[in-house]
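All values below were derived from every heavy atom in this structure, side-chain atoms included, with hydrogens, water molecules and symmetry-related copies excluded.
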Amino acid sequence: MQMSVSVSGLYIGKARQRWDGKPPSAIGKLPVTDGLDVGLEGLDGDEQADRSVHGGPEKALHHYPADHYAYWAARWPEHAGRLVAGGFGENVSTVGVTEADVCLGDRFRIGTALVEICQGRQPCWKLPAHTGIDEMAVAMQKSGRTGWYYRVIEEGRIAVGDTMELEARPLPDWPLDRIVAARFDPRLDPAIAAAIAALPPLSASWRASFGKKSQGGFSEDTTARLKGA
């Protein structure tokens with residue numbers, strides 16, 4: 001069990017008013033070159049506007065593989081200039097590891113911090129508002145190229161160029177791309193949903209969602225999240 005990549009980008013942002021008639025957002029992250037302390041709720045200096053759905057101990061850091069941006073730039077070449085690392089409001093960027101390469105519960109030493117993957121990202125209406133691509137949230141969800149969230153197990157310090165080393169993989173049979181696909185599958189087998197809901201590293205919010213999906217006939221309305229309506 002070996003995996004080692006370098007942190008190619010770190011990004012933080014402040015909540016501000018971005019769009020008329022809409023709530024503020026901190027999705028507009030800016031790159032930082034100095035090392036940053038990371039606590040149980042994320043990087044020093046980073047903010048989240050709506051704490052009911054962003055941030056907190058189980059969304060302390062968002063990691064988005066820079067590998068995916070070529071896919072998005074090819075799909076929307078007219079927006080290629082903004083479809084670059086840091087463009088989706090992530091905190092951590094790398095090249096060489098994607099959702100197919102990591103598993104739920106993986107623990108990584110990044111700099112001096114120890115973090116654990118606990119869920120994928122649920123793209124929302126702020127993503128199309130930020131990128132100017134109306135279909136962006138739906139397209140990200142359908143593609144499975146969502147990135148993932150970490151909870152912080154040990155606080156520490158992270159800098160660009162730090163090595164990200166895999167220290168533990170308790171659930172090798174649950175790659176993250178499988179978890180993400182299941183989360184957005186409206187016809188997911190209830191037995192699979194129940195099995196995922198029972199996985200200890202899963203975030204509380206995704207545990208609740210999979211718990212609902214384990215009940216036959218459950219239908220999830222994603223309009224408000226994806227469309228902001």
Show which side-chain atoms of residues 195-203 pair as donor or acceptor with protein atoms under 3.5 Å away, not counting sequence neighbours.
residue, atom, partner, partner atom, Å
Ser203, OG, Gln119, OE1, 2.8
Ser203, OG, Ser205, OG, 3.4
Ser203, OG, Trp206, N, 3.3

Can you tell me how far [atom2] of [Y] sits from [atom1] of [X], rounded to the nearest 0.5 angstrom?
{"X": "Gln141", "Y": "Gln122", "atom1": "CD", "atom2": "CD", "result": "7.5 Å"}
{"X": "Tyr150", "Y": "Asn91", "atom1": "OH", "atom2": "CG", "result": "10.5 Å"}
{"X": "Ser214", "Y": "Ile192", "atom1": "OG", "atom2": "CD1", "result": "12.0 Å"}
{"X": "Cys124", "Y": "Leu226", "atom1": "SG", "atom2": "CG", "result": "8.5 Å"}
{"X": "Asp106", "Y": "Cys118", "atom1": "CG", "atom2": "SG", "result": "12.0 Å"}
{"X": "Glu41", "Y": "Glu155", "atom1": "CD", "atom2": "CD", "result": "10.0 Å"}

In this structure, would [X] and [Y] fall into the same cluster of hydrophobic residues linked by side-chain contacts under 4.5 Å?
{"X": "Leu171", "Y": "Val115", "result": "yes"}
{"X": "Tyr71", "Y": "Met140", "result": "yes"}
{"X": "Met3", "Y": "Leu61", "result": "yes"}
{"X": "Val84", "Y": "Met136", "result": "no"}
{"X": "Leu176", "Y": "Val152", "result": "yes"}

Okay, side chain of [X], backbone of [Y]: is any donor-acceptor separation there less than 3.5 Å?
{"X": "Glu154", "Y": "Thr112", "result": "no"}
{"X": "Asp162", "Y": "Ile110", "result": "no"}
{"X": "Glu90", "Y": "Gly86", "result": "yes"}
{"X": "Tyr64", "Y": "Arg145", "result": "yes"}
{"X": "Ser25", "Y": "Ile27", "result": "yes"}

Under a 4.5 Å cut-off applied to non-hydrogen side-chain atoms, are [X] and [Y] in contact?
{"X": "Arg107", "Y": "Leu166", "answer": "no"}
{"X": "Leu188", "Y": "Phe210", "answer": "yes"}
{"X": "Arg16", "Y": "Pro24", "answer": "no"}
{"X": "Met164", "Y": "Arg109", "answer": "no"}
{"X": "Phe108", "Y": "Ser4", "answer": "no"}
{"X": "Arg121", "Y": "Leu127", "answer": "yes"}

According to side-chain contact (heavy atoms from CB on, under 4.5 Å), who are the partners of [X], at least two apart in sequence or on a separate chain?
{"X": "Leu36", "answer": "Ile12, Val32, Leu43"}
{"X": "Asp37", "answer": "Asp44, Arg157"}
{"X": "Leu30", "answer": "none"}
{"X": "Arg178", "answer": "Trp174, Pro175"}

Which atom of [X] lies closest to which atom of [Y], heavy atoms considered:
{"X": "Pro65", "Y": "Trp148", "result": "CG-CZ3, 3.7 Å"}
{"X": "Ala74", "Y": "Pro77", "result": "O-CD, 3.5 Å"}
{"X": "Pro123", "Y": "Ala137", "result": "CG-O, 3.4 Å"}

Checking [X] now: which residues fulfil salt bridge (Lys or Arg N to Asp or Glu O under 4.0 Å) with it, not counting sequence neighbours?
{"X": "Glu165", "result": "none"}
{"X": "Glu58", "result": "Arg151"}
{"X": "Lys142", "result": "none"}
{"X": "Lys213", "result": "none"}

inquiry  = Do Lys22 and Trp125 form a cation-pi contact, if we require the NZ or CZ to be under 6.0 Å from the six-membered ring centre and within 45 degrees of the ring's axis?
reply    =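 Yes, Lys22 and Trp125 form such a contact.
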
key: Pairs satisfying salt bridge (Lys or Arg N to Asp or Glu O under 4.0 Å), at least one member in residues 74-86, at least two apart   =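 Applying salt bridge (Lys or Arg N to Asp or Glu O under 4.0 Å) to every pair that reaches into residues 74-86, excluding sequence neighbours, yields nothing.
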
request  = Evaluate the ring planes of Trp72 and Phe88, with Trp represented by its six-membered ring, and classify them as parallel (under 30°), tilted (30 to 60°) or perpendicular (over 60°).
outcome  =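 Ring orientation, 0 to 90° scale: perpendicular.
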
inquiry  = Assess the residue pair Arg183 and Glu220 against the criterion (salt bridge (charged side-chain N to carboxylate O under 4.0 Å, His left out)); give the C-alpha distance rounded to whole Å, side-chain angles, the decisive distance to 0.1 Å, and a yes or no.
reply    = CA-CA 11 Å; Arg183 177 65 188 87; Glu220 183 176 13; 2.8 Å; yes

In a table with atom names and distances, give each donor-acceptor pair under 3.5 Å that connects a side chain of residues 93-102 to protein atoms at least two apart or in another chain.
residue, atom, partner, partner atom, Å
Thr94, OG1, His63, NE2, 2.8
Thr98, OG1, Ala100, N, 3.3
Thr98, OG1, Asp101, OD2, 3.3
Glu99, OE1, His68, NE2, 2.7
Glu99, OE2, His68, NE2, 3.3
Glu99, OE2, Thr146, N, 3.2
Glu99, OE2, Gly147, N, 2.7
Asp101, OD2, Thr98, N, 2.8

request  = Under 4.5 Å between side-chain heavy atoms, chaining through other members, with only Ile, Leu, Val, Met, Phe, Trp and Tyr counted: pull out the rest of the cluster around Tyr11, sorted by chain and number.
outcome  =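 So far as hydrophobic clustering goes, Tyr11 is joined with none.
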
